[in-house]
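Note sheet for the following structure.
A, B, ... follow the sequence lines: proteins, then strands. Residue 1 opens every chain. Note that the structure is predicted; figures quoted are calculated from it, not measured.
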2 protein chains.
Amino acid sequence: MQNSLRQFKAGIFRALAHPSRIAIIELLRDEGEIPVSKLYARLELEQANASQHLAVLRSKHLVIARRSGNQVLYSLRDRILGTVLDLMREYFHAHLEESLSLLEDLRTDVPKKRKTP
Amino acid sequence: MQNSLRQFKAGIFRALAHPSRIAIIELLRDEGEIPVSKLYARLELEQANASQHLAVLRSKHLVIARRSGNQVLYSLRDRILGTVLDLMREYFHAHLEESLSLLEDLRTDVPKKRKTP
DNA sequence: TTGTTATATTCGAATATTCGCATATTGTTG
DNA sequence: CAACAATATGCGAATATTCGAATATAACAA
């Protein structure tokens, strides 16, 4: 009872527990409804990979997919998700210093931009 | 940059992405600071298991551990986490119907209570 | 029909989580 | 000190996630 409710919540958090999926949510929050093609172009994801992540989000009903002719348009299911991410940002700022040290730990990958080596 | 920030957020969501850890957070939110012994008694978790989950929460700085003599007292690091969980409840209610169908899907385990079949 | 574009799904390997069990650590009491 | 209580950690097996590669499906155009 109480228990499966927690499982429900955990499932949603799990769906949010990936950088690419967070990027997707943030993009949808900022841009509204967009086609998959634009989505994976913007986020520099492989098409298949983006589709897999979208499937995860769909399975938790976090996003809505709508077919429009050739393409599929995605949008956020509920503003609450945007709010949650805003809270995360707030949290991030509140604990900026140690957040930075956490980021330090993460700074093993993510070179991403490199100015002509 | 933007990317490792998302990784940071994802890490926090991942820490929340387990029913037992959600239960821990909710318990700390409701009870304030409590010793581990009380925590795993209340949640009916194995001692080692509870400790492992607490380690996950600690690693993301979501909880604070304070030693007091023999025992270790845990508390929530930031009210924001409670707020996030409240939002989740709000979300749950907003989409109650389909949430219920999601719960149906989960109802593979969690028999828990059964009225003599 | 055939071809083309857009998106989804399947598969398998690499990696990560989760749990119970055993053991280690820390503090207290006698 | 030894014995005990409270908590943490290490290990290994079971399970779950993640990714790229290949393939499937859907809508449309010629």
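Summarising the geometry, the separation between CG on A/N49 and C1' on D/dT17 is reported as 12 Å, rounded to the nearest angstrom. One can place CG of A/L45 at 17 Å from P of C/dA6, the figure rounded to the nearest angstrom. The CZ atom of B/F13 sits 18 Å away from the C1' atom of D/dT17 (whole-angstrom rounding). The CG-C1' distance, from B/L54 to C/dT17, rounds to 16 Å in whole Å. What separates CD1 of A/I22 from P of D/dT17 is a distance of 16 Å, to the nearest Å. Taking atom CG of residue B/L43 and atom C1' of nucleotide D/dT7, one finds them 16 Å apart after rounding to whole Å. The nearest whole Å value for the distance from the NE2 atom in A/H18 to the C1' atom in D/dA16 is 13 Å. Rounded to a whole Å, the CD atom of A/E46 is 14 Å from the C1' atom of C/dT7.
Atoms OG1 and CG, on B/T83 and B/D78 in that order, are 8.0 Å from each other to the nearest 0.5 Å. With rounding to the nearest 0.5 Å, the separation of NE2 in B/H53 from CD1 in B/I25 is 12.0 Å. A distance of 13.5 Å separates CG of B/L27 from CD1 of B/I22, quoted to the nearest 0.5 Å. The CG atom of B/L39 sits 5.5 Å away from the CG atom of B/L54 when rounded to the nearest 0.5 Å.
For a distance-only test at 3.5 Å, the side chain of A/Q47 fails to qualify as a donor-acceptor partner of the base of C/dA6.
At D/dT7, none of the side-chain N or O atoms of B/R58 fall inside 4.0 Å of OP1 or OP2 (strictly under the cut-off). Between D/dA16 and A/R14, no contact under 4.0 Å exists linking OP1 or OP2 to a side-chain N or O.
Near DNA chain D, defined here as any heavy-atom distance below 4.0 Å, the residues from residues 65-74 of chain A are A/R67, A/G69, A/N70, listed numerically. Shown for residues 30-40 of chain A: no residue has heavy atoms falling under 4.0 angstrom of DNA chain D.
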Please list, for nucleotides 11-15 of chain C, all pairs of protein and nucleotide N/O atoms separated by less than 3.5 Å.
none

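Of the charged side-chain nitrogens involved, none lies within less than 4.0 Å of a carboxylate oxygen, so that B/E26 and B/R89 do not count as a salt-bridged pair.
Along DNA chain C, the nucleotide nearest B/A17 and the nucleotide nearest A/A48 are compared for position; the residue whose nucleotide lies closer to the 5' end is A/A48.
Counting only distance, with no hydrogens or angles, the side chain of A/R77 and the backbone of A/R58 share no donor-acceptor pair below 3.5 Å. No side-chain donor-acceptor contact under 3.5 Å links B/R14 to the backbone of A/H18.
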Legend entry - Stepwise side-chain contact (heavy atoms from CB on, under 4.5 Å) check, B/Y91 with A/I12: CA-CA 10 Å; B/Y91 179 87; A/I12 292 180; 3.7 Å; yes

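Between B/F13 and A/F13, the ring planes are parallel. Angles under 30° get that label, and only those over 60° would be called perpendicular. B/F8 and A/F92 have perpendicular rings, their planes meeting at more than 60° on a 0 to 90° scale where under 30° would count as parallel.
Within the 4.5 Å cutoff, the side chain of B/S75 has no heavy atoms near those of the B/R66 side chain. Looking only at side-chain heavy atoms (C-beta outward), B/L73 and B/I34 stay at 4.5 Å or farther from each other.
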